There are 2 protein chains.
Amino acid sequence: MLTDQRHQLIRDRLAAEGSVLAGELASHFGVSEDTVRRDLRELAKAGLCRRVYGGAVASAPFATVPVGQRASHAAEEKTRLARATVALLARGQTLFIDSGTTNAAIARAIPRDLDLTVATNSLEIASVLSDHALIELIVLGGRFDRHLGACVGADTLAAVAQLGADLFILGSCGLDVSRGVTAFVSAEAEVKRAMARNSAGIVIAVTSDKLATAAPYRVAGAETIRHLVVEKTAPPAILADFERQGAEIHLA
Amino acid sequence: MLTDQRHQLIRDRLAAEGSVLAGELASHFGVSEDTVRRDLRELAKAGLCRRVYGGAVASAPFATVPVGQRASHAAEEKTRLARATVALLARGQTLFIDSGTTNAAIARAIPRDLDLTVATNSLEIASVLSDHALIELIVLGGRFDRHLGACVGADTLAAVAQLGADLFILGSCGLDVSRGVTAFVSAEAEVKRAMARNSAGIVIAVTSDKLATAAPYRVAGAETIRHLVVEKTAPPAILADFERQGAEIHLA
DNA sequence: GCATGTTTTGCACGTTCATGCAAGAAGCCG
DNA sequence: CGGCTTCTTGCATGAACGTGCAAAACATGC
């Protein structure tokens, strides 16, 4: 059994039942409790669950996320990226915005006096934009995935198919010149692909840790990226590669 | 049973019933009363309840109520209605819940250990239920109406049409025996009608001020109501009329 | 092919934590 | 006041915890 597989199964269990017991997982996987504790510690560190005595509970999504290890330490960078990304938007445009913490930061950075049409499958982003009076908000419904904090599945794909956007603000899990934009979950990748297909341009804002990494599911090729927003500290060599593929680089 | 889970369930119980008894909780969870007292002490310290002799009571019901200008003055009544409505639910059921402050209160009163499938077009209700691990949540997307805080329109209708529910928790704008259930906005009424059509039973929880009033758009006849949850102070004559139409009356 | 480094896992250690029990203090009711 | 319940505090116990370490599995480089 691969460590990563075990992690995934624990995440599934958390999503399905809301909580897990260390001892129960240990006997279920046939490993020691120490190993399970290590797993839980790592998942908690990644913000995927909350560690409690005896096991772990699913971390509440955005509602009560003053915690969130990775949300806080990278919050400042994400805010900077968000501001730079919002600067690319023009009034009257139609956008797709999918889920992800960076995209949530972008939604939060959208000024209230910018009139846009926004279609999103992320509940958090929809909530953020719900009181922007000038934004025409389209919620892309479907089965809600707690991992992603967004809707996925056939209903979501059907909703996306009926729309077209000027820009797609794509929350990327991994970004590599040769492998392009990639995602961790199949259902997530499907929605991203549909949004990409129905958009005139793709905008990606990523923190440096996502650069030159790849996740299993392919979403779009590097040549489809129109705007790439990255931190100032990003390796110039990598950025040059993307630039050769036609992307416009924006440093935040 | 994880300590954290117990705390969570006590909080749900507090939200649903308004008060808890130490001894009752102890036998319910199978722990000593000392443990329960410790739990209650911690919850009280965190400001999540107020400790009283023999148990604890929910601290200000406003604590968890976020927005909504008129939500405050009738909050307590709505919470009572919500508790009584949740008591009608059974595990494994599929529900439609549409928008409205009363329905939002009902969603908040749903305990975390109740597994349900819930389809809603209200963004607030979706957010509330998004961290209930046992609830299969289906977001009914479409054009977001800021006035309603929910999605309406053709896309929403199409999403509803694909589903069927055991119960429809209908947020009523006006309720009158002869005119039935009515709504203020055409688009809202359309969604309610679609949900009513695809549900085996209709549940309505209303404050007294909605009784014997009517809004322009007709949603469903009085004879289609299966459960009617009202305040104790509701005029018996009106309730008798609904009872004659086949509704089961629940006083909160 | 062998040595080296890395990762994963299990075990032993001392520590922390949740729980229940006992004893005394405090609150409630007649 | 007296009898009762409920509460708090201190303490003991066992379970869960983190850490350091070593063995094993695996990859990497010469």
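In what follows, every chain begins at residue 1, and chains take the letters A, B, ... in the order their sequences are listed. Keep in mind that what you see is a predicted model, and the values were worked out from it rather than measured.
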Distance, rounded to the nearest Å, where [X] contributes [atom1] and [N] contributes [atom2]:
X       : N      : atom1 : atom2 : value
A:Leu40 : C:dT9  : CG    : C1'   : 15 Å
B:Phe29 : C:dT19 : CZ    : P     : 11 Å
A:Asp39 : D:dC17 : CG    : P     : 13 Å
B:Leu21 : D:dT5  : CG    : P     : 15 Å
A:Leu25 : D:dC17 : CG    : C1'   : 16 Å
A:Asp4  : C:dT9  : CG    : C1'   : 16 Å
A:Tyr53 : D:dA16 : OH    : C1'   : 3 Å
B:Asp34 : D:dC11 : CG    : C1'   : 13 Å

Sole residue of A:Asn121, A:Thr120, A:Asn103, A:Thr156 in side-chain hydrogen bond (donor to acceptor under 3.5 Å, both in side chains) with A:Asp98: A:Asn103
Upstream residue (5' side of DNA chain D) when A:Gly55 and B:Arg51 are each assigned their closest nucleotide: B:Arg51
For the side chain of [X], counting heavy atoms from C-beta on, which of [options] is nearest?
X       : options                : value
B:Thr35 : C:dT9, D:dT6, C:dT19   : C:dT19
B:Thr3  : C:dA18, D:dT8, C:dT8   : C:dA18
A:Arg37 : D:dA16, D:dC7, C:dA12  : D:dA16
B:Arg38 : C:dC28, C:dA12, C:dT19 : C:dT19

Less than 4.5 Å apart, side chain to side chain, heavy atoms only: is that true for B:Leu134 and B:Leu114? no
Need one value for B:Val36: base, sugar-phosphate or nothing, where a base atom within 4.0 Å counts as base even if backbone is also close, heavy atoms only. nothing
Can any side-chain N or O of A:Glu33 pair as donor or acceptor with the backbone N or O of A:Ala26 at less than 3.5 Å? no
How close do A:His147 and A:Ala15 get, counting heavy atoms only, and between which atoms? CE1-CB, 3.9 Å
B:Asp131 and B:Arg112: salt bridge (Lys or Arg N to Asp or Glu O under 4.0 Å), yes or no, with the steps? CA-CA 9 Å; B:Asp131 69 336; B:Arg112 306 180 97 78; 3.1 Å; yes
